[in-house]
2 protein chains.
Amino acid sequence: MYKIEINDFFTSAFSVDCVIFGYSDGEIKALLIQRGMEPYTHFWAIPGDLVYPSEDLPDAAQRILHELTGLENVEMHQSRTFGSPNRHPQGRVITISYFALIRISDFEIKASSWAEKAMWVSLNDIPELAFDHNQILSSTYELLKQKLSNEPICFEMLEQRFTLNEFQQLYEYAFDQTLDKANFRKKIKPLPLVPSNESQKNVRHRPAKLFSFDYEKYSSAVKDDNFQFKL
Amino acid sequence: MYKIEINDFFTSAFSVDCVIFGYSDGEIKALLIQRGMEPYTHFWAIPGDLVYPSEDLPDAAQRILHELTGLENVEMHQSRTFGSPNRHPQGRVITISYFALIRISDFEIKASSWAEKAMWVSLNDIPELAFDHNQILSSTYELLKQKLSNEPICFEMLEQRFTLNEFQQLYEYAFDQTLDKANFRKKIKPLPLVPSNESQKNVRHRPAKLFSFDYEKYSSAVKDDNFQFKL
DNA sequence: GCAAAAGTGTTTGGATTACACCCATGC
DNA sequence: GCATGGGTGTAATCCAAACACTTTTGC
C-alpha cells in the first residue's frame, strides 16, 4: 500500500522557530540570534531548535526560546509550518513557526546555549538568515500585520504606558501610511484606555498624557457587548 | 548539549490532512472518509495520510487527497499544524492541515486505497472523528470564515453560475445572520460579477439572473486599483 | 388573481475625512 | 516669544441600515 515500510516514515525531525517582535525607536524589531553551531554557523537566525520526540509544541517553543535568549514566560502563538524537503541540510526537518510580541524593555536578552549572540534587529535591516528564515520571518510579519488590524495585540509591544502618538506611530509604521491625529483619536475612542496621572517628561513641547490598555475591560466588552477591535 | 543523541530526533513522522469544503443545499459541507485501516478503523476522518520522507507538503496533500477520494487538481492552502505528543497512537506524528474549497458538482468522489467510503457531510452533522480531527476541522472552519470575509473564495464553492441570493445565503449561513437583500446587493456592487443571459429555470416565482465571478477583472482591480475584497 | 421571490429606490443616522484651530512646555 | 508637538472641534462627505415598493414568474 505504501511505497516504503511504515517504520521508514518515522525518520523525520521537527523544530520550532520563535519569531519575537518588539517595538522601539519607532521601528518594529525581531529578536535574532547568531548561530554557534553547524549548519549555518555564524549566520543570524530566528531562535529555534529541534523538538524532543515527546515534547508538545508550545512547551518546546518556550523551552527553546529560553535556552537561546534567556526569555521566560513568553506566550507564543502558532504561525505557519515550513516543510520543503531540502530546507535543512541534516535531514528532513519540518519547522513550525511561533510568534509573540513583547515589550523590549521588560526583558533582558542573554544569548546562551549554542547562540553566540542575541539582539533586536529592525525589520528594515534584516540580513541574510540561516535556512529559510527570511521567508519565515516575512510570512510571520504578514500575519502580525493582519492581527494588528483585528486584535489589540499592539499593546503587548508598546510600553506599559504609552502616549497616543506612540500608539498611532506604530500603526503608521506597520501599514506604511500617515494617519490624521484627530481622526485616529476618534477611532480609538471605544477602546478601554486608562489615562494615568503622569505625563511625558523632558520633552521640549507640551508633554503628552500616558495611557495604558485595560485588558479586563476589553475582555468583558468582547463578551458582554460583542465588541470587536478594528483598526 | 541535547538530552538525547541527534539521531534520536529523527524518529518522527508527519502527515497532511485535507479539509475540503463544499456548499450545496444551503449548507457548507466537508468531505470525509471512513477509515479502513488501523488505528481508528471504521471511524470517519478528514482525508489525510503520512508524507513520504522526501516529499514536499503541498505535493503530499495533492497525492493523498487523490488516493483517498479520487479528487485531482485541487489547489490547497495551509491551515494549522497539530502536534500533541499523543495525538497518534503509533508514534509521534505531527499533522499539517490543508484546506480547499471546491464545487461539489464539479467532481466525482470515489473512495479508494484504505478509504472505505467518502462522502460530503454537513458541518451541522459532523460525527466523532478519528484522532483530533474534530479539532482540526473546526479550527480550519474558523480560518475559512475569516477568509470568506477578506478574499473572494466563496466563488470556489458556489456553482459556476449562481444567483445573487445563493451568494447571499452562503454568507448568511457562514456568519449565522440574516442580511438585507437590498443592502447586500449595494455592498457587492464593486465586485466584477458578469450577468449571464440565462436565468433560473423551473421556479414558481420570478426567475433570478445568473452571475459568474470574473477572476481576471478581480486580479487586475487588486493590482491596478488597489481594490480590496471585504464582506 | 395570488403567492413567492426577484430586484430597486429612498431616507436616515452614524462614521470617516479633511482641515483648522488652540494649548502647554523648553529654550 | 517661538518652535514643537499635544490635543480638540466642525463641516462635508460617504456608507450602512431599515424599510418600502415594483416586477416577473408558476399555478
Side-chain angles (χ1 to χ4, degrees), chain A residues 23-27 148-150 152 158-159 161-173 175-213 221 225-231, chain B residues 24-26 148-150 158-159 161-213 221 225-231:
Chain A
Y23 181 71
S24 69
D25 309 318
E27 290 181 326
L148 280 173
S149 292
N150 303 306
L158 284 170
E159 295 292 323
R161 287 168 168 187
F162 50 86
T163 70
L164 297 184
N165 224 31
E166 286 164 357
F167 181 11
Q168 179 179 337
Q169 280 165 8
L170 171 52
Y171 277 82
E172 292 185 325
Y173 176 90
F175 297 103
D176 195 22
Q177 58 178 344
T178 56
L179 300 169
D180 181 273
K181 199 193 344 172
N183 295 335
F184 182 78
R185 283 157 195 236
K186 268 174 253 169
K187 209 163 173 182
I188 64 175
K189 267 271 161 55
L191 296 182
L193 298 180
V194 248
S196 87
N197 304 326
E198 283 176 72
S199 301
Q200 268 181 319
K201 293 270 162 65
N202 300 321
V203 284
R204 57 194 239 284
H205 55 76
R206 174 175 171 180
K209 206 180 273 183
L210 294 171
F211 291 83
S212 57
F213 182 75
D225 215 11
N226 226 27
F227 176 75
Q228 212 188 333
F229 181 92
K230 192 86 197 92
L231 268 189
Chain B
S24 69
D25 309 317
L148 281 173
S149 292
N150 302 309
L158 284 170
E159 295 293 323
R161 288 169 167 185
F162 50 86
T163 69
L164 298 184
N165 223 34
E166 286 164 358
F167 181 11
Q168 179 180 336
Q169 280 165 9
L170 172 52
Y171 276 83
E172 291 185 327
Y173 176 89
F175 296 104
D176 195 22
Q177 59 178 343
T178 56
L179 300 170
D180 181 272
K181 198 190 348 168
N183 294 336
F184 182 77
R185 282 157 196 238
K186 269 173 252 169
K187 209 164 174 180
I188 65 175
K189 266 271 162 56
L191 296 182
L193 297 180
V194 250
S196 87
N197 303 325
E198 285 175 69
S199 300
Q200 267 181 320
K201 292 271 160 65
N202 300 321
V203 285
R204 58 191 237 284
H205 57 74
R206 173 174 173 182
K209 205 180 274 182
L210 294 171
F211 290 83
S212 57
F213 182 75
D225 215 12
N226 226 25
F227 176 75
Q228 212 188 333
F229 181 92
K230 192 87 198 94
L231 270 188

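All values reported here derive from a predicted model rather than from experimental measurement. Each chain gets a letter, A, B and so on, in the order the sequences are listed, and its residues count up from 1.
What separates CZ of B:F184 from P of D:dA18 is a distance of 16 Å, to the nearest Å. For the pair A:D180 CG and C:dA15 P, the interatomic distance rounds to 17 Å; values are reported in whole Å. The distance from atom CG of B:L193 to atom P of C:dG7 is 12 Å, rounded to the nearest whole Å. Look at CZ on A:R204: it is 12 Å from P on D:dG6, rounded to the nearest Å. Atom pair B:L231:CG and D:dC15:P shows a separation of 15 Å (rounding to whole Å applied). Taking atom CD on A:Q168 and atom P on D:dG6, their separation rounds to 9 Å, with Å as the unit. Counting to the nearest Å, the C1' atom of D:dG6 and the CZ atom of A:F167 are 17 Å from each other. Put simply, NZ on B:K209 is 16 Å from P on D:dT23, counting in whole angstrom units.
Between the side chain of B:K181 and the base of C:dG7 there is at least one donor-acceptor pair of N/O atoms closer than 3.5 Å. A donor-acceptor contact under 3.5 angstrom links the side-chain atoms of B:R206 to the base of D:dT23. For a distance-only test at 3.5 Å, the side chain of A:K186 qualifies as a donor-acceptor partner of the base of D:dT10. Counting distance only, with no hydrogens placed and no angle test, the side-chain atoms of A:K201 and the base atoms of C:dT25 include no donor-acceptor pair under 3.5 Å. For C:dA18, its base sits under 3.5 Å from the side chain of A:N183 at one donor and acceptor pair at least.
Which of C:dA5, C:dT25, D:dA18 sits closest to the side chain of B:H205 comes down to C:dA5. Which of D:dG7, C:dG7, D:dC19 sits closest to the side chain of B:A208 comes down to C:dG7.
Remark: the backbone N or O of B:L158 is not paired with any side-chain donor or acceptor of B:E166 at under 3.5 angstrom. Panel note: side chain A:D225, backbone A:F227; no donor-acceptor pair is recorded below 3.5 Å.
If you find the closest nucleotide of DNA chain C to A:K187 and to A:N202, the one lying nearer the 5' end belongs to A:K187. The 5' end of DNA chain D is approached more closely, in terms of each residue's nearest nucleotide, by A:P207 than by the other of A:A182 and A:P207.
In this structure, B:F213 has its ring center no closer than 6.0 Å to that of B:F162.
Between A:F167 and A:Y171, the ring planes are perpendicular. Angles over 60° get that label, and only those under 30° would be called parallel.
The shortest distance between the side-chain N/O atoms of B:N165 and the OP1/OP2 oxygens of C:dA6 is below 4.0 Å. Look at B:R185 and you'll find a side-chain N or O under 4.0 angstrom from OP1 or OP2 of C:dG7.
For B:K230, the NZ atom is densely surrounded, since the number of other residues' heavy atoms within 6.0 Å is greater than 12.
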